[in-house]
Peer 1: 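Following this message is one structure expressed as structure tokens.
Order of the sequence lines fixes the chain letters, A, B, ..., with proteins taken first and strands second; residue numbering starts at 1 for each chain.
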Amino acid sequence: MAERTLFEQSVAGRQGVTVPDRSTNQDATSWVPQGLLRQEPPRLPEVSQLDAMRHFVRLSQLNHAIDTGFYPLGSCTMKYNPKICDVVGQLAGFTQLHPETPDEFAQGTLEIVFRLQQYLKDLTGFDAVTLQPAAGAHGELVGMMMIKAYHASRHDLKRTEVLIPDSAHGTNPASAVMCGFNVIELPSGPDGLVDLAVLKEALSERTAAIMLTNPNTLGLFEKDILEITQLVHEAGGLCYYDGANLNAIMGITQIATMGFDVMHINTHKTFATPHGGGGPGSGPVLVNTKLEPFLPLPVVEHHDGRYELNFDRPQSIGKVKLFYGNTEILLRAFAYIECFGLDGLKDVSETAVMNANYLKECLRQWYHVPFESTCMHEFIITSQHQHARHGDINTMTLAKRLMDYGFHPPTVYFPLIVPEDMMIEPTETESKQTLDAFVEAMRRIDEETQTNPDTIVQAPHTTPVKRVDEVHAARNPDLNFYKNFRPTNVGPDQLQGCFTASQFCP
Amino acid sequence: MAERTLFEQSVAGRQGVTVPDRSTNQDATSWVPQGLLRQEPPRLPEVSQLDAMRHFVRLSQLNHAIDTGFYPLGSCTMKYNPKICDVVGQLAGFTQLHPETPDEFAQGTLEIVFRLQQYLKDLTGFDAVTLQPAAGAHGELVGMMMIKAYHASRHDLKRTEVLIPDSAHGTNPASAVMCGFNVIELPSGPDGLVDLAVLKEALSERTAAIMLTNPNTLGLFEKDILEITQLVHEAGGLCYYDGANLNAIMGITQIATMGFDVMHINTHKTFATPHGGGGPGSGPVLVNTKLEPFLPLPVVEHHDGRYELNFDRPQSIGKVKLFYGNTEILLRAFAYIECFGLDGLKDVSETAVMNANYLKECLRQWYHVPFESTCMHEFIITSQHQHARHGDINTMTLAKRLMDYGFHPPTVYFPLIVPEDMMIEPTETESKQTLDAFVEAMRRIDEETQTNPDTIVQAPHTTPVKRVDEVHAARNPDLNFYKNFRPTNVGPDQLQGCFTASQFCP
Amino acid sequence: MTSFIPHTADERQQMLDRIGVSSVDALFDAVPASLKHPFTLNTLPKNGRSELELQHYLTAMASQNPGAGMLSFMGGGAYARFIPPAVNAIASRSEFYTAYTPYQPEISQGTLQMIYEFQTMMSELTGMDVTNASVYDGATAMSEAAFMAVRATRRKVLYVSKTTNPQYQQVLRTYCHAFGDMALGWFDPDQPLGPQFTHEPNTIAAILVQQPDYYGTIRPLSAYQEAAKATGALLVVAVDPMTLALLDSPRKAGADIVCGDIQQFGNSVNFGGPYGGFLSTTEKLMRQLPGRVVGRTVDKEGTTAYTLTLQTREQHIRREKATSNICTNQSLNVLKATAYLSLLGPQGLHRIASVSAERAHELAKGLLAVPEVSLRSGDAYLYEFAVRLPIPAKTMVHQMAHQYGILAGIDLGKYWPEEDHTLLIAVTELNTPESLERYLSAFRDVIHNRGLSVLPSGMSRDVKMVATGTRGGQ
Amino acid sequence: MTSFIPHTADERQQMLDRIGVSSVDALFDAVPASLKHPFTLNTLPKNGRSELELQHYLTAMASQNPGAGMLSFMGGGAYARFIPPAVNAIASRSEFYTAYTPYQPEISQGTLQMIYEFQTMMSELTGMDVTNASVYDGATAMSEAAFMAVRATRRKVLYVSKTTNPQYQQVLRTYCHAFGDMALGWFDPDQPLGPQFTHEPNTIAAILVQQPDYYGTIRPLSAYQEAAKATGALLVVAVDPMTLALLDSPRKAGADIVCGDIQQFGNSVNFGGPYGGFLSTTEKLMRQLPGRVVGRTVDKEGTTAYTLTLQTREQHIRREKATSNICTNQSLNVLKATAYLSLLGPQGLHRIASVSAERAHELAKGLLAVPEVSLRSGDAYLYEFAVRLPIPAKTMVHQMAHQYGILAGIDLGKYWPEEDHTLLIAVTELNTPESLERYLSAFRDVIHNRGLSVLPSGMSRDVKMVATGTRGGQ
Ligand SMILES: Cc1ncc(COP(=O)(O)O)c(C=O)c1O
Ligand SMILES: Cc1ncc(COP(=O)(O)O)c(C=O)c1O
């Protein structure tokens, strides 16, 4: 039973919530200058409160979510979020605080933000931090802006290139470009790691920075990391660490120790802000003293027992976001860290890594594992063996079939460097029992490739809708209930997203 | 995919929530006297917080609920509950108030309780009220206790009989019996109403009271109500009004005006406390001056600008519940009344009655309607026509088939006096569109009785489980995961609940 | 039309046309005209408030309850405990809290399975075979247990310990008095039982005791067990189920019926309700249980399924022959309890009970060191205990509240005039070690001043301060 | 083992055995030993807190924000409004808020359909063809709009009105500066545009304005439309979408891109975030949109279904050629906005905007009657306006807060030194008629005392009182 849109359920005159009546003599419309008054009311739904509730409750039930089942999306760190973090983030004393409130009336929030800054510095080994970026990609952008400002401050203006491995997340090159850099892609070595020879080749006096995540998106730890960062530094570049994979190494090592100058953290991954169907998150950026002068405005400081916002930082790159960042998300991250402490966070990482290795070990019985070495918090398999048995079976069909077993598929077709891959990140919050059930489903699916390949090719069968026609969506854009769009004759290039990478997640 | 019990998911050593450590030197177990210390820990589930959340989220999705679909359960008044009532009932200033708090520190709650008392008196025309009973049946019990106390106070001790129409809800006779009364069942007249001749016959100097609901459970208004109450009064009895059907006549008339001496209100029906899967509710009891002295302890009073609990009422029947009733539910009822005001409540009743008559008018095209006259907020149909077409089709099978169309079935096999009946109460919160969709489903089901009767007999098909074997449940009691019960050879009498009346709702 | 009544004027007209009447009024023709008088409204408002206005108003009213924010040591059958946020996340699932009683099992498996799990957990705690799906609260549970014993034994005399919760006693009195044809006897649990039982042994339906009793005292149950055995009466034990994390199950001590209240398991104190009563009993007596019971069974394809069962005990089938009149019970409170117990597990529950008891003993040690203060409870208690004071307990409560913003406990003079110098004190995990210090020092001050106020008048600063607390929506 | 890491010691051992290592440490062999130094902890605690302790601690911290409970008239891009409880009931559905980005459409229809409905609603309000699924906030939305215009026109000059939100301006500056190779020009919207545009007309990518502007002023947009037409630049209008209940759609005034923030639709002020930015544009420009977009399509059986579409704009496909680097956006805020707009509907939204404007004008009337106070905004404004004071705005804010517990507005000297006597005041439906009175009388007092404190020092009683408010979890 498909749920009709609320526009189809709308009946003129209905309203889902009562609002206060006018208390003054003059109608607001009289304040609107001639010619600017709205002529046709917007066609928002007109429904009763019951209609609205039913609609959204029913819609919600069409979703897979952490609270309904396993979600082994590589690079996304879909862990369980302690409910206590939701609750404390929603205390009225926090939510009702206006961002323009004078500091003295906002000491509670400022203190927590300040403490969170300290915690993150302790955890990563950096010297300074901004909590303002709204997500990981925003953090990357801010980090790259600071790198640019750093080189500019040294009048080192020829540094226009950023080196990024081909296994990197798409936001890395996109962020670099938004800072006016040129991206030099580094092909990974056969072991999936940065190839030192390739790196040396690419480095030059044009090198502004390298962007790396470690463990990388294949789940492998760059064991030559000290050499890499040293080489980059020797060439005059800086090292940016994409913290999306921080869940692998908390309490094991500090990022700054590896030689990085700047990093972001995706608090919505590592520190368990629920992803909310695609956000909000937050992307704190940590830096060493080299970059500290360039932090965005304002910075939270502590003087004489009072927490204050400091806007007076002449070398700052400026403001990067409205007000001070996604404060509620920061509160949740703070609460999460308080739930665990350093020892607990180390346990998080150790268990995440153990879970991943356990799954890898189990799955290799049936699936091709391109990188055999010990993985960190995630790993890659491919559909190679299964495809060999039946040409219509590929990574996407296996993914869809997993849905019938009640599991969210892993990230697929990412990283781009391994064809037909699946990237599996179980996280530490999943029990051995859940992992075993997933292994059993994967075993059965492998069996089905021999006994009943068509069930796989046609999958999914038990989901609210069957295989969704993404090509139709791209060819006949329908992005607004009230508007007819022209069908477009999209070329294969435009459809790229439909077949493979759209299934990709992080 | 059935959800395993949490006991089956349990792994020794897991725990879903952390608790504070010991802060003193001595272990609590040392305070337990020899021989009283627990030897084996209770086998409660040992699960992670994630396991627990997933379990209950998945379980919840197996339920039909107001927030997921139409719920036309006759006599249950399954209306939509404004979410604002949930929220205000859950403000910490209310929920964290201990019942032994001295009055002066609890004035907010006491004031609301006091105001609610006034509102209910205004709405019903009675003189006094207790808000303490925990549900409708509890209210009945309290009301009957007061009636008993009243007669006793007059030394009128021979009044041992309570007259109750055969259409009454089961709680009425059960409550009367718990007060030591004998129940005299009054057969309804052919029009479904109290037969005055029968009533006169039954009245005597043994008559303690009559218990009536008006409109009655057939959804019919007892038009001779003034005569009925007068007859009872003349015989020296009192008149009890079962307020379960109050949703039909708010703002139209006051219950006291009909001649009743006492009534209860099911706030969880009329005033929209969500039913919570079977409670909690509350059952305020209203009385006229005759019964006022007997109200249970304590009573909330207002003196010199202060709200107080008065325990000093010598004629009171005593305490009937821990503390002062289901306070949170009373707050919700108060909030509900504040949302509507008297005019709004009248609109509630008028619309509820209109919705019922509209449905009746539509359904009579295909279904037998035993009482043709204008109904109030609910009405009765039967499966007579459909059964005539196919012997295996009866009210239960039609009810089960409705589930496949996404609707909760109406109340079935109640009231007991109409064989194979269905009692339909749409409530005022359902739109014409929803009613029309329900009518369409009923039409199609009628059609299926001709085109595809087996689909009906085998229904439901799309529910989380198929037809549940209630006979098996009764013969092989399994009421505790850890305990084997002896199978019982239950006679037809014991199985009664399985076939018919268990489907019955209110 | 309001946001809760969806009908537009057009739709109303269409519907009336379909019904064939000209106005809504016509639908009420059966109501005699003489009944349709206009309403005189004394207080009931004519018009409703908008949601915003209502929220403003009720938030203001909530702030008129300073007691809700004060440091509290009150128990007496209702205990403020930490409610894990996951409990409320579960209980606020629309599908649970906007569903009716699960009469249609095929579309109510969520509620049904949850209740089955609840029955199992409570049976584990009490050691009994079966537990019902709830009655209103602990007090009505004890009355229902008494009635159950009367039905099962066909006897009519009940002996009740004088140290049971006074409210349980009062409700039992009310119920028994109303039913008539029963006798209630009271006994002192610290005196030999025999001489106190004045009725014929073979008329005694049940012996009712509470463990721990209202004073927090724990006693061996063996004497009652022997008395029950000797007379053929049933042994009814009212329990605080939280203490069963530490205490052996009443079943071991021969209980036939165990009753109590689940409030502490995930439910707020809420100025008295809603809580949830429960009854646990033996397989032998299960058909005498009042209230709903869920059974595990199968569907027609053999899949595990749950359903209400043993319904011939209930009013909707048996009417005047039912085991009770109960219909709507406390299902949402049961859900909270089930979620709570699932989250805590045996170890968590043990820790919560322990930490409470440990702190209670810590506090007691401090209080008993104050001159002229003595223990009123027995030597064995867990997290609730009573002390005798050199000043009236009422004065202590008053001074502690007004001067220090502390709700010091319950003045037992409220229930028993002779106990007017007795204060009942409960300690839970919410009472931090620091709060014990605060209590102790305030208590010493009040005793030192013999209950005389030291501040000029009105509330002290303390009271206002704590009233700001929002302890996170418990 | 914690409650969030389920593994028992036994299970860990089994798993390590299966992996074939002897300890967890072995899994980290790839990490060079030199990196595995012990941590020096300055502040990060070694151990975690229990949930109860955490709740106590953070509740105490929340109470250190008295500003959250004060009567507030602050806006400037963030407005406290009534959030209907149904919004939070919807947004707290686990299935919504614990789901990831809906990359797998078959099991994400809930989120996808919701976003499609959001796109439609926002497009209705703005009058545009298509709206994206959000960017971070209004400020980054304006920057993204600027970049979009630069891409679409292949030109590099942006002209921005000086009266746009200063934070939007600052963020735009930061973004443009980082990208480089762009020029930003500023113009005064109250002066003729022509002379202010010093760059070649055919180099101008976009003209960026805000309606109402930061001072609350509403202006006809026709001059910008003409300028855009004349130069071939795109017209970017930053809006407060709530005002679109009253104001005609920017599309009508020729906007090519509309951007803004959805915070007011069901989202709390939250000390600055999370809110949600949006961009609406024409079909022609839709392939230049940054961020996610949902399309309606069918599944293989022809059933209506939704999916992310036009993904070749995005970073995960196009990497360095993407229209933006955005990945995680503000989906849960979008859900709240969608629920909010659905519940309010066109009439409700109109009423909310109206009641706010009506009360704002009421307050303005009172304030402007005070000697030496004048209107700084233009004559036409809705619910936000600026006044010039005879005392520094900073003093006014300080005195109103400390002495009367009122957050009087924003001192515009914060953003523009020359505006240090200008106070920006916002009124919403939360500001009751009584609260306007309170404001006015306090304001008069402060002006009367020329900003000198009348109370000795420290906070007044007022401030404490209001700090107790819990405005119901907004
Ligand atoms: C490796 C990596 N880098 C960066 C990002 C971007 O982070 P965000 O989505 O928070 O912008 C992601 C997220 O998906 C990621 O997986
Ligand atoms: C007519 C009637 N009377 C009494 C009751 C009993 O009310 P409660 O369930 O609140 O105890 C009901 C409820 O179902 C009812 O429908």
Peer 1: Check each atom of B:V465 against the heavy atoms of chain C and say whether the ones under 4.5 Å are side chain, backbone, both or neither.
Peer 2: both
Peer 1: Look at the aromatic rings of B:F323 and C:Y275 and report parallel, tilted or perpendicular, splitting at 30° and 60°.
Peer 2: perpendicular
Peer 1: Report yes or no: do C:T43 and B:D122 form a side-chain donor-acceptor pair below 3.5 Å?
Peer 2: yes
Peer 1: Considering only heavy atoms, which portion of C:L310 lies under 4.5 Å from any heavy atom of chain B: side chain, backbone, both, or neither?
Peer 2: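 Interface part for C:L310: side chain.
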Peer 1: So which of C:L407, C:V130, C:T303, C:N42 has the largest heavy-atom pair count under 4.5 angstrom toward chain B?
Peer 2: C:N42
Peer 1: Which atoms form the tightest heavy-atom contact between B:M53 and C:A86, and what is the distance?
Peer 2: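 Minimum heavy-atom contact is SD-O, 4.1 Å.
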Peer 1: Please assess C:E283 against B:R486 for the test salt bridge (charged side-chain N to carboxylate O under 4.0 Å, His left out), listing each intermediate value before the final yes or no.
Peer 2: CA-CA 9 Å; C:E283 182 173 358; B:R486 275 178 298 277; 3.7 Å; yes
Peer 1: Give a yes-or-no answer on whether the side chains of B:T351 and C:R12 include a donor-acceptor pair shorter than 3.5 Å.
Peer 2: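 Yes, side-chain donor-acceptor contact under 3.5 Å.
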Peer 1: How about B:N63 and C:T111: does a side-chain donor come under 3.5 Å of a side-chain acceptor?
Peer 2: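 A pair is found: one side chain offers a donor N or O, the other an acceptor, under 3.5 Å apart.
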Peer 1: Using the rule given for side-chain contact (heavy atoms from CB on, under 4.5 Å), can you reason through C:M15 versus B:N357, listing the C-alpha separation, both sets of side-chain angles and the distance that settles it, and then say yes or no?
Peer 2: CA-CA 9 Å; C:M15 293 173 78; B:N357 279 286; over 6 Å; no
Peer 1: Check the pair C:D299 / B:R467 against salt bridge (charged side-chain N to carboxylate O under 4.0 Å, His left out), numbers first and verdict last.
Peer 2: CA-CA 5 Å; C:D299 75 359; B:R467 189 80 63 88; over 6 Å; no
Peer 1: Show, in sequence, the C-alpha distance, side-chain angles and deciding distance for B:N476 and C:T297, and conclude whether the side-chain contact (heavy atoms from CB on, under 4.5 Å) test is met.
Peer 2: CA-CA 8 Å; B:N476 304 278; C:T297 178; over 6 Å; no
Peer 1: Over all heavy atoms of both residues, which pair between C:P346 and B:P45 is shortest? Give the atoms and the distance, please.
Peer 2: CD-O, 3.8 Å
Peer 1: Indicate whether the side chain of B:Q39 and that of C:D248 have a donor and an acceptor atom separated by less than 3.5 Å.
Peer 2: no
Peer 1: Take B:H275 and C:L332, measure what side-chain contact (heavy atoms from CB on, under 4.5 Å) needs, and give me the verdict at the end.
Peer 2: CA-CA 8 Å; B:H275 281 78; C:L332 195 63; over 6 Å; no
Peer 1: Given side-chain contact (heavy atoms from CB on, under 4.5 Å), test B:H55 with C:Q113 step by step and report yes or no.
Peer 2: CA-CA 11 Å; B:H55 179 65; C:Q113 181 170 339; 3.6 Å; yes
Peer 1: Will you find, in the side chains of B:H98 and C:S72, an N or O donor that is under 3.5 Å from an N or O acceptor?
Peer 2: no
Peer 1: Could you verify whether a donor N or O on one side chain and an acceptor N or O on the other, from B:D478 and C:Y116, lie under 3.5 Å apart?
Peer 2: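 Indeed, the side chains of B:D478 and C:Y116 share at least one donor-acceptor pair under 3.5 Å.
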Peer 1: Please look at B:Y80 and chain C and tell me whether the side chain, the backbone, both or neither of the residue comes under 4.5 angstrom of a heavy atom of that chain.
Peer 2: side chain
Peer 1: Would you check if the distance from the ring center of C:F271 to the ring center of B:F94 is below 6.0 Å?
Peer 2: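 They do not qualify: ring centres at least 6.0 Å apart.
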Peer 1: Do B:T171 and C:N325 have side-chain N/O donor and acceptor atoms under 3.5 Å apart?
Peer 2: no
